[in-house]
Novice: 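Dumping the structure here so I can ask a few things about it.
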There are 2 protein chains.
Amino acid sequence: MTNAERVKVAEPSSALADSIRASGLKVTAPRLAVLRVLDQAPHSTAERLFVAVRAELPGTSLQAVYGVLAAFAGAGIARKIEPAGSPALFERRVGDNHHHIVCTRCSAVRDVDCAVGEAPCLTPAHDSGFAVHTAEVTYWGLCPDCQAATAAAPSTLSIPAPLSNKGAR
Amino acid sequence: MTNAERVKVAEPSSALADSIRASGLKVTAPRLAVLRVLDQAPHSTAERLFVAVRAELPGTSLQAVYGVLAAFAGAGIARKIEPAGSPALFERRVGDNHHHIVCTRCSAVRDVDCAVGEAPCLTPAHDSGFAVHTAEVTYWGLCPDCQAATAAAPSTLSIPAPLSNKGAR
DNA sequence: TGTCGTGTTTTGATTGACTCAAGACAACTG
DNA sequence: CAGTTGTCTTGAGTCAATCAAAACACGACA
């Protein structure tokens with residue numbers, strides 16, 4: 001194999017590579033790809049990321065994506081959120097203890113800034129003796145699109161592709 | 001079949017039966033059993049309830065328990081909570097919009113009264129146009145038992161039967 | 001620049017939690 | 001007491017995620 005033939009699977013020096021290296025993880029093509037996609041589409045499922053990563057790195061397996069995400073979450077460069085009734089979602093925004101609004105109808109997710117900024121931003125009135133270190137807040141409601149849709153056709157039951165993560169970024 | 005032989009599968013007049021009937025649901029033996037168990041062991045999984053219900057009503061199927069729980073949740077006489085990383089839990093306490101503390105180590109769950117009392121008890125700073133109707137708060141921390149255990153053996157890694165729902169009542 | 005060791009990824013199997021569907025059965029209505 | 005409708009049983013199937021073993025590649029070191 002000549003040097004020209006060697007596929008440059010990873011770009012060793014980039015902001016993405018740096019943030020991976022800085023966490024003590026090896027820089028690999030799947031990891032760069034997942035991180036890149038995660039920037040463009042926050043609140044994505046592993047499955048969704050897998051499809052997007054495959055587009056630019058065809059050989060990647062779903063297990064690799066799960067592995068990458070577990071490594072990222074463990075290293076603190078990505079965050080896993082698990083809204084009720086939906087598969088786990090991932091985002092790069094970490095360290096600011098922000099929260100989420102989820103649409104009850106289409107499962108779109110948006111970030112909500114935390115007023116305090118650091119965990120736990122809320123403390124329970126009676127903690128039952130627990131040593132609380134995090135307060136996780138999930139708001140549930142109707143996104144603007146679904147408000148419009150239900151107002152236009154209140155009884156039409158126009159199926160809104162639930163859990164599609166539509167418009168979540 | 002004589003009248004004496006007829007198995008009284010349900011007690012037609014009881015507080016439990018009344019609360020089922022009041023929701024427009026038929027009163028059946030599995031429903032009474034689930035409701036009774038749910039009183040004694042809040043924050044139980046469907047599986048756990050299934051085992052307990054079986055003890056007093058041996059013929060009951062797991063699907064029946066799922067069906068009962070779905071009916072109860074739909075009718076508003078039980079609530080389903082889904083902490084990250086754990087199967088769904090159920091409780092009878094409804095209508096007061098209370099929250100939960102979950103132990104990071106052993107998954108024990110306790111109720112936390114909501115300071116405000118009605119949903120949404122919290123409103124986001126920027127709602128992104130969402131019509132918010134609920135704010136769900138989950139506190140994460142170490143329960144008293146696990147604080148003691150980690151203090152006594154900080155590095156021993158004594159496996160604490162995670163997700164066992166131990167002591168959750 | 002080449003080699004080696006450890007951490008990653010691939011491949012394939014497996015689990016856990018839950019849902020769907022069809023037929024048997026039982027609770028409430030009149 | 002009989003009919004209707006809703007509920008339960010049985011059995012299959014889905015989805016998300018995890019586990020394990022072997023092939024492979026990153027990055028430290030010579």
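What you see below is based on every heavy atom in this structure, not just the backbone, and it leaves out hydrogens, waters and symmetry mates. Computed from a prediction, not measured in an experiment: that's the story for all the values here.
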Novice: Before accepting this row, confirm whether a basic side-chain N of the pair A:Asp113/A:Arg93 lies closer than 4.0 Å to the acidic partner's carboxylate O.
Specialist: yes
Novice: Rounded to whole angstroms, how far apart are CZ on B:Phe90 and P on C:dA17?
Specialist: 12 Å
Novice: Any idea which of C:dT19, C:dT9, D:dT18 is nearest the B:Tyr66 side chain?
Specialist: C:dT19
Novice: Need one value for B:Ala71: base, sugar-phosphate or nothing, where a base atom within 4.0 Å counts as base even if backbone is also close, heavy atoms only.
Specialist: nothing
Novice: Using whole Å, what does the distance between atom P of nucleotide C:dA17 and atom CZ of B:Phe50 come to?
Specialist: 13 Å
Novice: Taking the basic N atoms (NZ, or NE/NH1/NH2) and the acidic carboxylate oxygens, is any pair closer than 4.0 Å for B:Arg36 and B:Asp39?
Specialist: no
Novice: For B:Ile20 and B:Phe72, what are the C-alpha separation, side-chain angles and deciding distance, and is it a side chain to side chain contact (heavy atoms under 4.5 Å, CB included)?
Specialist: CA-CA 8 Å; B:Ile20 295 174; B:Phe72 283 179; 4.2 Å; yes
Novice: Between C:dC18 atom P and B:Leu69 atom CG, what is the distance in whole Å?
Specialist: 10 Å
Novice: OP1, OP2 of C:dT9 versus side-chain N and O of A:Thr60: anything below 4.0 Å?
Specialist: no
Novice: Can you measure B:Glu47 atom CD to C:dT19 atom P for me and round it to whole angstrom units?
Specialist: 14 Å
Novice: What residues form a side chain to side chain contact (heavy atoms under 4.5 Å, CB included) with B:Tyr66, not counting sequence neighbours?
Specialist: B:Ala46, B:Leu62
Novice: Can you tell me if A:Asp111 and B:His126 form a side-chain donor-acceptor pair at under 3.5 Å?
Specialist: no
Novice: Using the side-chain heavy atoms of A:Thr28, tell me which of these nucleotides is nearest: C:dC18, D:dC8, D:dC26.
Specialist: D:dC26
Novice: Polar-atom pairs under 3.5 Å, protein N or O versus N or O of nucleotides 3-6 of chain D: list them with distances, or write none.
Specialist:
residue	atom	partner	partner atom	Å
D:dT5	O2	B:Lys26	NZ	3.0
D:dG6	O4'	B:Lys26	NZ	3.3

Novice: Would a 4.5 Å heavy-atom cut-off, applied to side chains only, mark B:Cys121 and B:His99 as touching?
Specialist: yes
Novice: Hey, what are the protein-to-nucleotides 10-12 of chain D N/O distances that come in under 3.5 Å?
Specialist:
residue	atom	partner	partner atom	Å
D:dG11	O6	B:Gln63	NE2	3.4

Novice: How close or far is atom P of D:dA17 from atom CD1 of A:Ile81, stated in whole angstroms?
Specialist: 12 Å
Novice: Between the side chains of B:His100 and B:Glu91, is a donor N or O closer than 3.5 angstrom to an acceptor N or O?
Specialist: yes
Novice: Tell me, do B:Phe130 and A:Leu142 make a side-chain contact under 4.5 Å, heavy atoms counted?
Specialist: no
Novice: Expressed in angstrom and rounded to an integer, what is the separation of A:Leu89 atom CG from D:dA16 atom P?
Specialist: 11 Å
Novice: Quick check for you: to the nearest 0.5 Å, what is the distance between B:Leu122 atom CG and A:Tyr139 atom OH?
Specialist: 4.0 Å
Novice: Whole-Å distance between D:dT9 C1' and B:Leu57 CG?
Specialist: 13 Å
Novice: B:Lys80 NZ to C:dT19 C1': how many Å, rounded?
Specialist: 10 Å
